[in-house]
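Step one of this worksheet: look at the structure below.
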Amino acid sequence: MDPIITPPCQLSPARRPPSVFTISLCSGFRFIMSWLVRNRIGDTLLRLKPPASIALSSALIENLSTASERLPESLDESSQSEEIWNVIVGRVGDRVSEDEVFHRLSNDEVCNSVNLSDGLVHKLLHRFRDDWRSALGVLKWAESCKGHKHSNESFDMAVDILGKAKKWDRMKEFVEMMRRDKLVTLNTIAKIMRRFAGAGEWEEAVKIFDSLGGFGLEKNTESMNLLLDTLCKEKRVEQARAVLLELKSHITPNAHTFNIFIHGWCKANRVEEALWTIQEMKGHGFRPCVISYTTIIRCYCQHSDFIKVYEILSEMEANGSPPNSITYTTIMSSLNAQKEFEESLRVATRMKRSGCEPDTLFYNCLIHTLARAGRLQEAERVFRVEMPELGVCINTSTYNSMIAMYCHHDEEEKAVELLREMESSKLCDPDVHTYHSLLRSCFKRGDVVEVGRLLKEMVTRHHLSLDESTYTFLIQRFCRANMCEWAYSLFEEMISQDITPRHRTCLLLLEEVKKKHMNESAERIEHIMKTVKLSAPVK
DNA sequence: CTAGGGTTAG
């Protein structure tokens, strides 16, 4: 019945088939691919609407990973709660009205036998964060379930989802209902403000602040800072300044206030004003802190003005607001972006000498640096010895850095070994980045079968959904490998999930598809390019 | 309500 959910599979290294592109050219593969294209897997998927996490077509994966084996039962972690999740998400369907969602859920036996926890409601709202109709329908249904009382966070999430969709009237209506029930907190206000400002409606954000009293909330330093921070993060530092001047006589700024402005000026690329704010801060009797200086350092880093960076660093070390792990990590990341790995390592040494306590993000950066500097053994030592000894926890990114390092240096077995270690240690789960590195190295070796196997395990075992960058990457690589049928089916799938492709991706695919005289596909791509607003590459 | 990752090539 449900062709999407297939048991995960794994291949023992001994059974690995010959890794060559020629496999893709077997007539069987050709046949399957043309079938996939004919049947528009994307559209089929849209109708089936599985949870987003398992959206990649099972047919595609199944056929990509022909040489796979079944996993032992113990590794199949499909639990009861997961089944319930699948039922609910399946019942919600696809972008029907709020009331329709409510009715579907209310009339479903399984759904009504569920013991709703706050956690499940949160997960559901998160799942439908881009689909406000379904989100509100789910919320309404949850409310009607006996014994369930919404947490504040659930309400706030709903407000945030409506704001994200720019459904301002619905949002205001919803907030009004919350106001009547005295459910509006500063957290709710934060969501409203950030959504307004994010959509360029910063005047509305200011208005909400003005009306705080009506929600039973106070206009104080805390709520003012929230407004100022919102404006600054949206590059409206001038407006923030105007607001501060107006409020100054009623509300006193604190150290946070000044740091918010330092950040705001830096974001607007106006270091002079940021430095001037440091003086102003002193004038108000606040000592600039690590955060103040680190913000400025980051700004100089972005300008590659390392002379100034080291100047401030020395100043900090001398004048009693010593740099911390964040300060050093900021500098190192910036040097890494410039490929100055050796210099970056000197910063790490300087940090250790200063006695500053390293944290996870620092080590992640250090491992990345060592990897890029080609010092694999040192990276291994940091990962295996130094971090555990100092009790610094290892997270997904730490593993990702190590895995990326092995992949980059063609040590595929070690990379996969670490992936398995992640799975068994249960300390952290792999994410899309983990698979990104692994997939890249498969393409590099020309092992498309392994690509299929990894994709399958990614969606079935770890419930990861392909994001924009993964789709873009896969399409690009399949095109380059002269396998644009696969690229095209992924493209269709991407569209069906409302993920907008980049202009460049469309162009590349179009060119490849034309080369192969896939006229229907070419037309469809051209049509999509005309109708969909294409996103520009991220920087 | 104040500061920090990762992909990108032959």
Side-chain angles (χ1 to χ4, degrees), chain A residues 185-187 189-191 193-194 205 209 219-233 240 244 251 253-267 274 277 281 286 288-302 312 316 321 323-337 339 344 347 351 356 358-369 371-372 395-405 407-408 430-441 443-444 467-470 472-474 476-477 480 504 537-539:
Chain A
T185 64
L186 195 57
N187 228 331
I189 300 293
K191 301 264 193 265
M193 278 186 183
R194 299 225 188 259
F209 177 79
K219 287 190 205 174
N220 53 20
T221 308
E222 188 187 4
S223 52
M224 176 185 73
N225 282 348
L226 174 64
L227 173 64
L228 297 175
D229 188 56
T230 305
L231 293 171
C232 284
K233 293 231 164 94
L244 180 72
I251 305 173
N254 62 11
H256 284 196
T257 317
F258 292 99
N259 285 336
I260 288 166
F261 275 99
I262 292 170
H263 189 243
W265 291 119
C266 287
K267 197 175 170 72
T277 307
M281 193 174 178
F286 297 109
C289 65
V290 220
I291 297 177
S292 327
Y293 290 118
T294 302
T295 308
I296 306 251
I297 283 185
R298 183 174 147 78
C299 189
Y300 281 129
C301 279
Q302 281 162 347
I312 298 179
M316 290 172 80
S321 50
N324 60 19
S325 185
I326 300 179
T327 319
Y328 291 107
T329 308
T330 304
I331 302 171
M332 288 174 64
S333 305
S334 176
L335 287 166
N336 289 350
K339 302 206 191 296
S344 182
V347 173
M351 159 158 163
C356 159
D359 63 5
T360 304
L361 253 57
F362 164 77
Y363 274 120
N364 292 352
C365 181
L366 178 61
I367 288 173
H368 179 70
T369 315
R372 298 297 302 266
N395 62 20
T396 300
S397 293
T398 320
Y399 272 107
N400 287 353
S401 295
M402 291 296 294
I403 288 173
M405 172 178 84
C407 288
H408 195 258
D431 62 10
V432 282
H433 300 291
T434 319
Y435 281 95
H436 228 271
S437 309
L438 291 161
L439 288 167
R440 164 167 287 116
S441 86
F443 276 110
K444 194 171 158 192
D467 60 1
E468 192 268 346
S469 68
T470 312
T472 304
F473 166 74
L474 289 171
Q476 188 197 328
R477 293 304 165 111
R480 201 194 286 177
R504 285 188 53 170
V538 191
K539 205 182 75 169

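Hydrogens, waters and symmetry mates play no part in the numbers below; they use all other heavy atoms, side chains included.
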Which is true for [X] with a 4.0 Å heavy-atom rule: it touches a base, it touches only sugar-phosphate, or it touches nothing?
{"X": "Ser325(A)", "value": "base"}
{"X": "Asp229(A)", "value": "sugar-phosphate"}
{"X": "Asn254(A)", "value": "nothing"}
{"X": "Arg480(A)", "value": "base"}
{"X": "Phe261(A)", "value": "nothing"}
{"X": "Asn220(A)", "value": "nothing"}

Nearest to the side chain of Asp431(A), heavy atoms from C-beta on, is which of dG6(B), dG10(B), dC1(B)? dG6(B)
Which of these nucleotides, dA3(B), dG10(B), dG6(B), is closest to any side-chain atom of Ile326(A)? dA3(B)
What's the [atom1]-[atom2] distance between [X] and [N], to the nearest Å?
{"X": "Phe209(A)", "N": "dC1(B)", "atom1": "CZ", "atom2": "C1'", "result": "12 Å"}
{"X": "Leu439(A)", "N": "dT8(B)", "atom1": "CG", "atom2": "P", "result": "12 Å"}
{"X": "Leu438(A)", "N": "dT7(B)", "atom1": "CG", "atom2": "P", "result": "13 Å"}
{"X": "Ile312(A)", "N": "dA3(B)", "atom1": "CD1", "atom2": "P", "result": "17 Å"}
{"X": "Tyr435(A)", "N": "dG6(B)", "atom1": "OH", "atom2": "C1'", "result": "17 Å"}
{"X": "Gln302(A)", "N": "dA3(B)", "atom1": "CD", "atom2": "P", "result": "13 Å"}
{"X": "His433(A)", "N": "dT8(B)", "atom1": "NE2", "atom2": "P", "result": "12 Å"}
{"X": "Leu335(A)", "N": "dG4(B)", "atom1": "CG", "atom2": "C1'", "result": "14 Å"}

I'd like to know if [X] reaches the base of [N] with its side chain, counting only an N/O donor and acceptor under 3.5 Å.
{"X": "Asn324(A)", "N": "dA3(B)", "result": "yes"}
{"X": "Asn364(A)", "N": "dG6(B)", "result": "no"}
{"X": "Ser397(A)", "N": "dG5(B)", "result": "yes"}
{"X": "Thr329(A)", "N": "dG4(B)", "result": "yes"}

May I ask you to list the residues of residues 288-298 of chain A, by number, that have any heavy atom positioned under 4.0 Å from an atom of DNA chain B? Ile291(A), Thr294(A), Thr295(A), Arg298(A)
For Arg440(A) and dT8(B), is the shortest distance between a side-chain N/O and OP1 or OP2 below 4.0 Å? yes
OP1 or OP2 of dA3(B) less than 4.0 angstrom from a side-chain nitrogen or oxygen of Lys233(A), does that happen here? yes
Set of residues satisfying ring-ring contact (aromatic ring centres under 6.0 Å, His included) with respect to His433(A), sequence neighbours excluded: none
For [X] and [Y], indicate whether the former's side chain and the latter's backbone hold a donor-acceptor pair under 3.5 Å.
{"X": "Asn220(A)", "Y": "Ser223(A)", "result": "yes"}
{"X": "Asp431(A)", "Y": "Thr434(A)", "result": "yes"}
{"X": "Ser334(A)", "Y": "Thr330(A)", "result": "no"}
{"X": "Asp359(A)", "Y": "Phe362(A)", "result": "yes"}

Do the non-hydrogen side-chain atoms of His408(A) and Arg440(A) ever get within less than 4.5 Å of each other? no
Under 30°, 30 to 60°, or over 60°: which ring-plane class applies to Phe473(A) and Phe443(A), parallel, tilted or perpendicular? perpendicular
Determine if the base of dG5(B) is syn or anti; take syn to mean the glycosidic torsion is within 90° of 0. syn
Please report the C-alpha distance between Ser333(A) and Asn336(A) in whole Å, then the side-chain angles of each, then the deciding distance to 0.1 Å, and finally whether the side chain to side chain donor-acceptor pair (under 3.5 Å) criterion is met. CA-CA 5 Å; Ser333(A) 305; Asn336(A) 289 350; 5.5 Å; no
